[in-house]
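Written out below as structure tokens is the structure these notes cover.
Ligands are counted one by one from 1 in listed order, and the atoms in each one are counted from 1 as well. Worth knowing before you read on, the calculation uses all heavy atoms, side chains too, and leaves out hydrogens, waters and symmetry mates.
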Amino acid sequence: MSALVDELNRHNRLYHVEDRPEITDAEYDRLYRELQELEAAHPSWARRDSPTRRVGAPAAEGFQTVRHRVPMLSMDNAMDEEAMRGFDERLRRLLHTQEPLEYAAQPKLDGAAVELVYADGALEVGATRGDGRTGEDVTANLRGVWSIPLVLDTRRIPAAGRISVRGEALLPVAAFERLNRERLERDEEPFANPRNAAAGALRQLRNVDRRRLAALEFRAYALAEGRPDDVRTETQILETLASWGFLIPPESEFCADVEEAIDYHARLLARRNALPVECDGSVLKLHRLDQQEEAGSLPRSPRWAIAFKFPPQQETTRVKAIEASVGRTGALTPVAVLEPVHVGGVTVTHASLHNQDEVDRKDVRVGDTVLIQRAGDVIPQVVMVVPGKRRRGARRYALPSHCPVCDTPTVRLEGEAVTRCPNLDCPAQLKNNVRHLASRGALDIDGLGEKLVDQLVEQGHVKRVSDVFALQRDTLAGLERMAEKSADNLMQALERARETSLSRFLIALGIRHVGGGVADLLADHFGDLDALVAASPEELAAVPGVGPTIAESVARFFAEKRNQREVARLRELNVRWQARAPRIARDGPLSGKSFVLTGTLDGLTRDEAKTRIEAAGGRVTSGVSKKTDYVVAGADPGTKLRKAEELELTILDQAAFEKLLAE
Ligand code: IVH
């Protein structure tokens with residue numbers, strides 16, 4: 001059971017924290033159920049850090065309040081460099097020193113502040129900040145956040161007694177965007193920003209959305225109680241937290257004086273929108289803890305820390321027009337054309353209104369003054385209409401009944417939020433598809449840029465994607481602003497792009513949900529296109545890392561006649577790749593048989609055994625179930641053997657296994 005807990009925890013880390021899963025969700029579920037059964041049978045063996053302890057619901061009547069033994073203070077703000085230098089001078093006066101003061105610089109994370117209390121190394125209570133003195137007990141929900149250790153790893157740095165760790169629960173921008181896309185597809189109101197989504201996730205009482213919790217990340221930045229004696233600086237605090245198993249802000253830096261801290265702030269601001277999580281400034285803390293103590297605290301904020309805020313990412317401006325843009329999949333997106341405005345360092349001229357429901361909900365009309373915001377790299381959004389500034393006679397906006405690009409009547413399917421142009425050869429879709437085909441991650445066609453694609457499509461030289469590879473040098477040379485030399489270069493680039501890999505080819509096709517990672521998995525697994533095209537949705541979903549949604553999308557893509565013709569034509573036009581042997585020989589003596597391996601085999605690693613089974617057409621799964629055909633038991637078998645015996649499955653020892661393989 002202990003090995004199973006370790007294995008599940010490892011997979012959880014890979015999935016939720018490191019973002020590189022090694023097994024499918026289904027395999028994970030099987031392992032998880034196996035553990036649940038074992039724990040039910042032997043409750044006293046259950047480990048405190050078992051993944052089954054991450055589920056649970058808060059008391060239905062509401063959250064208990066928790067008193068923070070050490071108050072969670074707020075911080076003073078500085079709005080410019082002068083205020084930073086003023087802060088530094090005040091501190092030097094306070095500490096009676098002319099020497100430069102050392103600082104720890106960190107991002108000011110924009111999520112929900114959280115306190116985690118551990119007793120004897122195990123998570124006891126997790127609470128929100130509340131008013132700084134008392135917060136709400138959201139332990140049950142925090143247990144669903146994978147980067148929060150349930151038990152501290154105190155092997156390297158020992159911890160004693162009660163420990164209070166402070167940090168921020170955050171929703172990474174990518175997860176925020178994904179959740180919002182899903183909400184829009186379900187006709188639900190999107191979250192205003194990652195902070196609201198994170199705080200809301202923690203305060204869920206009923207019908208707890210566990211996926212939203214699992215998408216949260218906890219980043220630790222302070223240790224309020226339980227500091228080991230030899231920890232003397234902020235750097236050592238972060239090291240301690242990291243060694244206990246916490247994620248710490250990776251952007252943290254040591255600064256030898258206030259000028260370095262000001263420089264840190266400028267560098268952080270420059271990459272603000274490239275960070276995976278939102279931050280609204282930098283935090284400066286005196287590096288030495290003895291100096292912090294000497295400086296002391298005011299009732300609401302410490303004297304030794306300050307937040308240097310970034311300029312706001314929200315501004316108001318006026319809507320000049322609302323336009324419908326047609327995307328690569330034919331979706332019509334209403335876009336507000338704005339009076340240009342500076343937000344967080346860039347000029348914003350357009351903001352997305354997502355879909356018709358969003359337009360209706362926010363009731364944005366031409367001429368309105370609106371609040372817009374940027375978050376991460378996201379396209380700016382209209383937050384709300386500023387009330388009381390509407391022109392008289394301003395009319396509600398509705399997406400057009402005909403595609404603005406090809407004039408085909410648009411459709412909105414029952415129950416869907418998206419309005420689409422159903423014409424697959426619509427130039428808007430075509431332009432985007434061609435751009436996608438030429439992009440770096442796909443066929444990487446050097447020189448086939450946006451302007452050129454526009455020209456080629458508008459002048460009718462490219463009527464479907466595959467036409468790109470049928471382009472003639474003379475056609476290219478005859479285009480506007482196209483020198484003979486550039487035409488030659490593009491012809492050469494096309495020649496180079498023809499020689500590609502299956503993975504890149506799959507990406508180039510623009511199949512929904514098939515990005516680089518999935519394309520690699522599919523290419524690896526099937527080796528060549530024909531095998532992939534022939535696969536059923538079930539077979540596709542059985543590829544590790546490919547779920548049912550992706551499988552469905554791939555199968556549907558290849559089932560369409562039009563796509564089949566395009567693929568065939570691309571191959572006729574000599575787009576090619578090196579086929580490889582499939583990972584799984586689908587026909588073999590062990591076709592359709594599933595195996596579970598347990599224990600060690602003599603002279604054969606687990607990977608080798610797996611390869612040999614797969615080469616013979618069999619499959620290896622990690623969990624034992626009634627559907628398992630064979631359990632191969634080596635030396636020191638685990639609980640899987642016991643389970644196999646209970647289920648009366650066929651159990652093979654090494655000799656029997658090798659005999660089977662030799663058949
Ligand atoms: S340290 C008082 N470090 O800022 C100093 N706080 O204004 C103790 N915050 O609600 C807090 N990022 O949630 C610290 N790197 C960071 C922070 C940070 C964000 C938040 C914190 C608190 C607020 C204080």
Side-chain angles (χ1 to χ4, degrees), residues 66 68-79 83-84 87 91 103-116 126-136 138 142 145 147-148 164-172 193-196 198-199 201-203 216-227 231 233-242 246-255 261 264-265 267-269 272 275-289 291-293 295-310 313:
V66 179
H68 304 297
R69 284 213 213 163
V70 179
M72 293 178 79
L73 299 180
S74 29
M75 246 181 294
D76 234 3
N77 286 332
M79 296 310 284
M84 293 293 284
F87 163 74
L91 276 177
Y103 292 100
Q106 297 166 359
K108 180 157 166 44
L109 301 168
D110 198 9
V114 160
E115 171 177 62
L116 303 171
T128 60
R129 175 169 182 269
D131 63 4
R133 310 268 150 186
T134 46
E136 284 175 314
V138 289
L142 284 168
V145 179
S147 42
I148 293 181
S164 156
V165 174
R166 309 266 170 95
E168 209 83 355
L170 301 151
L171 187 63
N193 54 49
R195 173 167 33 88
N196 286 2
L202 291 184
R203 302 194 66 257
L216 294 183
E217 257 179 29
F218 178 76
R219 299 202 176 181
Y221 49 63
L223 183 54
E225 292 174 78
R227 182 200 301 162
V231 167
T233 63
E234 285 289 336
T235 303
Q236 289 170 336
I237 286 185
L238 292 185
E239 279 168 6
T240 304
L241 292 169
F246 290 98
L247 283 179
I248 55 170
E251 305 83 4
S252 311
E253 282 182 25
F254 167 82
C255 301
Y264 170 87
H265 178 84
R267 283 183 287 116
L268 191 69
L269 177 59
R272 165 186 206 182
L275 296 177
V277 297
E278 287 229 300
C279 56
D280 55 347
S282 53
V283 174
L284 219 57
K285 305 173 186 175
L286 266 179
H287 189 245
R288 280 170 44 184
L289 303 183
Q291 290 183 332
Q292 288 186 2
E293 203 157 318
S297 291
L298 297 168
R300 290 189 42 82
S301 57
R303 287 203 190 86
W304 47 263
I306 196 159
F308 189 177
K309 289 293 203 63
F310 288 152
Q313 304 245 71

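Looking only at atom types and distance, the side chain of Gln292 has no donor-acceptor partner in the side chain of Lys285 under 3.5 Å away.
Using the six-membered ring where Trp is involved, His265 and Phe308 have ring planes that are parallel, under 30° apart on the 30 and 60° scheme.
The pair Arg267-Glu251 does not meet the salt-bridge criterion, since no charged nitrogen lies less than 4.0 angstrom from a carboxylate oxygen.
Without hydrogens or angle criteria, Ser74 side chain to Arg300 main chain gives a donor-acceptor distance under 3.5 Å. Without hydrogens or angle criteria, His68 side chain to Arg129 main chain gives a donor-acceptor distance under 3.5 Å.
Considering only residues two or more places apart in sequence or on other chains, Tyr221 meets the side chain to side chain donor-acceptor pair (under 3.5 Å) condition with Glu168.
Near ligand 1, Leu73, Ser74, Met75, Gln106, Pro107, Lys108, Leu109, Ala113, Arg129, Glu168, Tyr221, Val283, Lys285, Pro302 each place a heavy atom less than 4.0 angstrom from the ligand.
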